[in-house]
Amino acid sequence: MDNRLKILNIWVDPLTKKEFIRKIRSFFKSDGGPHVIFAANPEKNFSVPRDLILYETFKNADLLLPDGIGMVIAVRLLYGLKIERVPGVEMMDAICALAEEEERRVFIFGSKEAVNKKAVEVLKKKYPKLCIVGRSHGYVKENRMALLLEKINRTRAEVLFVALGSPKQERWIARYKDSLRTVKVCQGIGGSLDTIAGHVKRAPDLWQKLQMEWLYRLIKEPKRIKRQKVLPIFVIELLKERLRRQRLER
Ligand code: UDP
């Protein structure tokens, strides 16, 4: 991505949802692949640099979505730009719509067996012509991975959604993407299948509009505090970086 923005230790692409979709259309048309899509969020600012392979894969991803309000604030503070929030689960939904329209073959990997199965049913109802060629739960043992890769290749999947949570899914994609022979678009979707299957509810529209989805999820799942506690540190780091840049400009 040409105008990728650096946010402390990670990056984000300042595109609108429509622009992301346009990119994905072009990925489908291109010969290369897999094109990798990850969500950028404050937690990854801390987890990604801890692992060199993860860092390189993240840095070289084809698209980095401004997944949460944290990235929107970061771009505002560091670049003075107002960008749209593009949650990973919404991008996944848009890719399914596009895959249905273009008759692309989709494989869904990740989450618990019941969640994966239910999410596939929900997606089939929502997109009746969507061609879901295969699925697998996300608890595949290392010694069975070759079989899974063979299955994905055999189904000639062009879209692969990977729902193993972060950073497990980014590591998986880093390790196996070169073994995926037909996949053109590969998105790390975290807990999206849980949301689609109805096991985890997204915040009501008003909470989303007020940019408070994170607070809603925290109230519903208090154990997320462990992950969200990095947020204040992230904001402090951003403010320090902004000050540093202002000093340099003077
Ligand atoms: N998961 C999995 N295999 C694993 C570990 C996790 O399939 O070895 C799944 C888990 O069942 C859940 C998702 O990965 O569906 C993790 O969701 P989480 O909300 O933690 O991800 P996030 O969206 O925050 O990255």
Side-chain angles (χ1 to χ4, degrees), residues 10 12 36-51 54-55 57-58 61 63-72 85-96 106-123 132 134-149 151-152 160-176 186-203 207-208 212-231 234:
I10 57 169
V12 72
V36 174
I37 306 171
F38 290 137
N41 61 37
E43 286 167 67
K44 290 186 189 166
N45 178 61
F46 303 97
S47 61
V48 164
R50 279 192 215 125
D51 175 331
L54 184 60
Y55 184 81
T57 315
F58 194 86
L63 296 176
L64 293 173
L65 310 173
D67 179 53
I69 184 65
M71 285 294 126
V72 174
R85 184 167 85 98
V86 183
V89 64
E90 285 181 20
M91 202 65 242
M92 177 193 178
D93 191 66
I95 295 174
C96 286
V106 177
F107 195 104
I108 299 184
F109 168 45
S111 296
K112 295 188 183 121
E113 172 60 19
V115 172
N116 183 294
K117 195 162 174 241
K118 180 80 206 241
V120 167
E121 280 167 22
V122 172
L123 285 171
I132 301 181
R135 63 172 196 88
S136 164
H137 64 76
Y139 296 85
V140 176
K141 298 223 167 67
E142 213 41 62
N143 61 3
R144 312 275 300 172
M145 211 52 93
L147 282 176
L148 173 67
L149 292 165
K151 182 173 168 187
I152 298 171
L160 175 64
F161 293 116
V162 184
L164 305 178
S166 200
K168 203 165 182 187
Q169 65 200 15
E170 285 84 2
R171 287 211 182 99
W172 189 92
I173 293 171
R175 177 144 183 219
Y176 297 112
C186 180
Q187 185 189 0
I189 56 167
S192 297
L193 298 182
D194 299 83
T195 310
I196 293 168
H199 288 233
V200 174
K201 293 250 175 311
R202 279 198 77 185
W207 288 71
Q208 290 190 35
M212 288 293 181
E213 188 162 15
W214 62 272
L215 181 61
Y216 182 88
R217 288 195 69 182
L218 183 60
I219 296 167
K220 291 275 168 192
E221 291 172 76
K223 64 176 195 298
R224 287 178 77 88
I225 191 73
K226 255 202 222 144
R227 305 161 41 154
Q228 293 192 349
K229 69 175 190 237
V230 298
L231 265 171
F234 181 69

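Whatever order the structure lists ligands and atoms in, that order sets their numbers, starting from 1.
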Nearest to atom 7 (O) of ligand 1, what protein heavy atom do you find, and at what distance?
-> Ser111 N, 2.8 Å
Start with the C-alpha distance between Asp51 and Arg171, add both sets of side-chain angles, then the distance that settles salt bridge (charged side-chain N to carboxylate O under 4.0 Å, His left out), and finish with yes or no.
-> CA-CA 9 Å; Asp51 175 331; Arg171 287 211 182 99; 2.6 Å; yes
Is Arg217 close to ligand 1, meaning an N/O of one under 3.5 Å from an N/O of the other?
-> no
Are any of the N/O atoms in Gly138 less than 3.5 Å from those in ligand 1?
-> yes
Any chance you could lay out the side-chain contact (heavy atoms from CB on, under 4.5 Å) test for Val162 and Phe107, step after step, and finish with the verdict?
-> CA-CA 9 Å; Val162 184; Phe107 195 104; over 6 Å; no
Examine Gln169 against ligand 1 and note whether any of their N/O atoms are separated by less than 3.5 Å.
-> no
Is a side-chain donor or acceptor of Gln187 paired with a backbone partner of Gly88 at a separation under 3.5 angstrom?
-> yes
Would you tell me which option among Ala163, Pro167, Ser166 has the nearest heavy-atom contact to atom 9 (C) of ligand 1?
-> Ala163
Among protein heavy atoms, which sits nearest to atom 8 (O) of ligand 1, and what does the distance come to when rounded to 0.1 Å?
-> Lys168 NZ, 2.5 Å
Run the contact test for Asp194 against ligand 1 with a 4.0 Å cut-off on heavy atoms, strictly below, and give the result.
-> yes
Whether Val115 lies under 4.0 Å from ligand 1, heavy atom | no
May I ask you to identify the nearest protein heavy atom to atom 5 (C) of ligand 1, giving residue, atom name and distance to one decimal place in Å?
-> Leu164 O, 3.6 Å
Main-chain N/O of Gly68 paired with Asn41 side-chain donor or acceptor, under 3.5 Å = no
Decide yes or no on side-chain contact (heavy atoms from CB on, under 4.5 Å) for Leu164 and Phe109, but give the supporting numbers first.
-> CA-CA 8 Å; Leu164 305 178; Phe109 168 45; 3.9 Å; yes
Can you pull out the closest protein heavy atom to atom 4 (C) of ligand 1? Residue, atom name and distance to 0.1 Å, please.
-> Tyr139 CE2, 3.4 Å
Of Lys118, Arg135, His137, the residue whose pairing with Glu113 passes side-chain hydrogen bond (donor to acceptor under 3.5 Å, both in side chains) | Arg135
Specify the protein heavy atom at minimum distance from atom 23 (O) of ligand 1: its residue, its atom name, and the distance to 0.1 Å.
-> Gly191 N, 2.8 Å
Nearest-neighbour protein heavy atom for atom 20 (O) of ligand 1, which is reported as residue plus atom name and distance = Arg227 NH1, 3.2 Å
With under 30° as parallel and over 60° as perpendicular, where do the rings of Phe46 and Phe234 fit, or are they tilted in between?
-> perpendicular
Do any N or O atoms from the side chain of Asn116 and from the backbone of Ser136 form a donor-acceptor pair under 3.5 angstrom?
-> yes
